[in-house]
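Lettering follows sequence order; numbering is per chain, from 1.
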Protein chains: 4
Amino acid sequence: MMNRVVLVGRLTKDPELRYTPSGVAVATFTLACNRPFTSQNGDREADFINCVVWRKPAENVANFLSKGSLAGVDGRIQTRSFDGQDGKRVFITEVVAESVQFLEPRSANSGSSNRGGQDFGYNGGQQQGQGSSPFGNQNQQRNQGFTRVDEDPFSNDGKPIDISDDDLPF
Amino acid sequence: MMNRVVLVGRLTKDPELRYTPSGVAVATFTLACNRPFTSQNGDREADFINCVVWRKPAENVANFLSKGSLAGVDGRIQTRSFDGQDGKRVFITEVVAESVQFLEPRSANSGSSNRGGQDFGYNGGQQQGQGSSPFGNQNQQRNQGFTRVDEDPFSNDGKPIDISDDDLPF
Amino acid sequence: MMNRVVLVGRLTKDPELRYTPSGVAVATFTLACNRPFTSQNGDREADFINCVVWRKPAENVANFLSKGSLAGVDGRIQTRSFDGQDGKRVFITEVVAESVQFLEPRSANSGSSNRGGQDFGYNGGQQQGQGSSPFGNQNQQRNQGFTRVDEDPFSNDGKPIDISDDDLPF
Amino acid sequence: MMNRVVLVGRLTKDPELRYTPSGVAVATFTLACNRPFTSQNGDREADFINCVVWRKPAENVANFLSKGSLAGVDGRIQTRSFDGQDGKRVFITEVVAESVQFLEPRSANSGSSNRGGQDFGYNGGQQQGQGSSPFGNQNQQRNQGFTRVDEDPFSNDGKPIDISDDDLPF
DNA sequence: TTTT
DNA sequence: TTTT
């Protein structure tokens with residue numbers, strides 16, 4: 001059934017990249033989306049929306065986005081639940097990004113003349129090697145030492161990811 | 001910032017209608033959206049997405065939708081948090097519907113020749129009186145005896161709605 | 001770059017199914033989407049939006065939808081142009097559906113207990129044989145005798161489809 | 001009925017601002033949205049999508065966007081038709097933007113510390129005076145001398161806008 | 001637990 | 001706590 005989400009916002013922190021036991025990349029991040037209206041106290045609030053992205057776009061996200069980056073997400077809402085450590089069921093609502101668009105312009109001291117708007121869609125994956133990033137390698141550090149975990153994308157305390165290489169929806 | 005959600009799914013239960021202290025209608029319901037792909041165990045799963053709708057469309061939802069109804073939602077993702085009764089902060093992600101479309105055809109024994117597709121948008125609110133519903137009044141019972149509560153739409157145990165008539169975003 | 005469309009409307013005519021020279025199915029149809037507001041003359045108008053869908057979902061559309069069917073579309077806006085017969089360039093804006101959802105309930109005299117909401121997404125293609133349609137074969141006639149054309153989906157007067165099996169975006 | 005479009009792309013030219021006879025601002029512009037996949041010849045193509053925006057956001061668009069600007073649009077698809085000068089009916093499909101988001105970062109030599117992501121939604125209209133633009137007044141020229149026309153937003157050869165101040169959907 |  |  002129809003389930004479509006489009007967001008533009010800023011990462012509240014650096015994205016986190018993990019791998020399933022079978023080696024599939026998963027990145028998680030939170031987008032702060034400022035609301036287009038003000039609250040009754042007159043201040044501008046934001047929604048903080050948890051996003052998950054799989055495979056190649058996950059690695060692109062980890063490589064090219066960081067805290068504060070402006071990004072667009074096209075995906076679906078997913079809900080799931082697991083048993084929390086206190087024994088009660090925890091319900092999660094998050095966005096599974098099918099594509100992530102990088103909306104930050106390249107930094108001023110970079111050599112490229114490209115202006116923003118790079119797409120990290122799964123179909124549009126142009127398989128850029130990490131070393132040849134047009135954005136430089138200032139984020140490369142973040143990609144080192146990632147442990148392969150078999151965890152729930154947004155938590156460290158529960159519920160293995162029940163996913164296998166063969167059965168991913170995209 | 002851009003934040004758009006479009007869903008089509010079925011209500012898992014009858015919607016719940018409440019009123020804020022200042023008399024604003026709020027309806028809450030959960031949409032079951034079947035996923036377009038199967039899990040690794042081969043079964044078709046669903047996402048259960050909590051939705052909130054305000055004002056006139058809230059009353060339309062309460063009047064015309066019930067458990068199992070097929071409905072479309074156009075809205076935004078909202079996050080909020082409150083202190084749970086166990087003292088820890090609870091984070092909520094839900095969809096605030098700006099318009100709800102009724103996708104169930106009118107029942108066979110009804111007199112109208114209209115086929116499905118009725119819209120409950122706030123701008124398109126055609127202000128149908130409860131008593132003159134083209135769908136009959138079989139749901140009207142549900143609208144009686146609603147207590148005016150000042151509660152968080154999806155819970156009975158917390159956090160007053162911090163909203164006033166004057167400051168609604170729509 | 002982000003480009004997302006979600007529509008719900010009714011087919012203005014039976015869909016048209018064609019095949020490219022290389023055998024790829026393409027269906028075209030027009031969705032009438034009633035506007036949620038009225039014009040200044042007080043009447044409710046509609047937008048008539050041309051849609052194209054490729055491959056398996058194209059065949060599903062041709063088999064299960066017909067004039068008047070309520071359907072949902074999730075896709076992208078596409079523009080293209082070609083030289084019209086009067087020598088001037090014609091510009092086309094249409095929606096390429098990635099998935100089409102059938103929102104009509106099964107007909108009253110059908111044996112299935114399923115209620116509406118069937119999805120024709122490419123990933124969700126459950127490869128239903130034409131002969132085993134749960135909706136009967138009243139539309140099957142429409143699928144016979146389709147000439148394999150190498151035409152622009154919405155016109156008979158021009159411009160070959162520049163697409164090959166290998167290079168489809170989905 | 002549901003009809004939702006979200007786009008991110010770059011303006012192909014400076015936006016054009018006009019006013020209806022009753023004084024309502026209308027801006028038109030075309031967004032180039034690069035496709036996330038390549039054509040069979042291996043080159044990356046784009047869709048060129050005509051957009052219309054009304055009232056305050058129209059003026060914001062004219063003031064803050066120009067050729068090449070990266071912008072997001074949230075709106076609806078609209079179709080309309082009129083009689084062309086050659087006597088045949090012309091059909092138009094375009095996007096009516098309900099909100100436009102400015103995704104270009106402010107220019108390097110500006111004094112503000114704000115980074116991109118400004119929203120021009122109708123509800124979020126913060127009513128910035130033209131003279132106090134945080135982006136400087138380099139675009140202000142474009143806003144001078146606009147004739148009040150009663151034309152179809154995207155053409156100079158036809159069909160009066162059938163709209164009045166009182167009957168706008170937003 | 002939040003971005004600009 | 002889930003719909004068809």
Distance in angstrom units between A/F29 CZ and E/dT3 C1', rounded
13 Å

What is the separation between atom CG on A/D14 and atom P on E/dT4, rounded to the nearest whole Å?
11 Å

Atom-to-atom span, CZ of A/R80 to C1' of F/dT2 - whole angstrom
17 Å

Taking the side chain of B/R89 as its heavy atoms from C-beta onward, which of E/dT1, F/dT1, F/dT3 lies nearest to it?
E/dT1

Of all the choices, F/dT3, E/dT3, E/dT2, which nucleotide is nearest to the side chain of B/A46 once you look at every atom?
F/dT3

Quick one: B/I49 CD1 to F/dT3 C1', roughly how many Å, whole number?
12 Å

Have B/S81 and B/R89 got a donor and an acceptor in their side chains that come within less than 3.5 Å?
yes

Given E/dT3, E/dT2, F/dT3, the nucleotide with the shortest approach to the side chain of A/A32
E/dT3

Who pairs with B/D43 by side chain to side chain contact (heavy atoms under 4.5 Å, CB included), at least two apart in sequence or on another chain?
B/S39, B/N41, B/E45

Nucleotide F/dT1, atom C1' - distance to CG of A/D83 in whole Å
14 Å

What is the distance, rounded to the nearest whole Å, between atom NZ of B/K13 and atom C1' of F/dT4?
18 Å

Choosing from E/dT2, F/dT1, F/dT3, which nucleotide comes nearest the side chain of A/F91?
F/dT1

Looking only at side-chain N and O atoms, does C/D74 offer a donor or acceptor that is under 3.5 Å from a partner on C/S99?
no

Listed by chain and number, what are the side-chain hydrogen bond (donor to acceptor under 3.5 Å, both in side chains) partners of B/N3, not counting sequence neighbours?
none

Could you tell me how far apart A/K88 (NZ) and F/dT1 (C1') are, to the nearest whole angstrom?
13 Å

Rounded to the nearest angstrom, tell me the gap between atom CG in B/N34 and atom P in F/dT4.
10 Å

If you only use heavy atoms from C-beta on, which nucleotide in E/dT3, F/dT1, E/dT2 is closest to the side chain of A/K67?
E/dT3

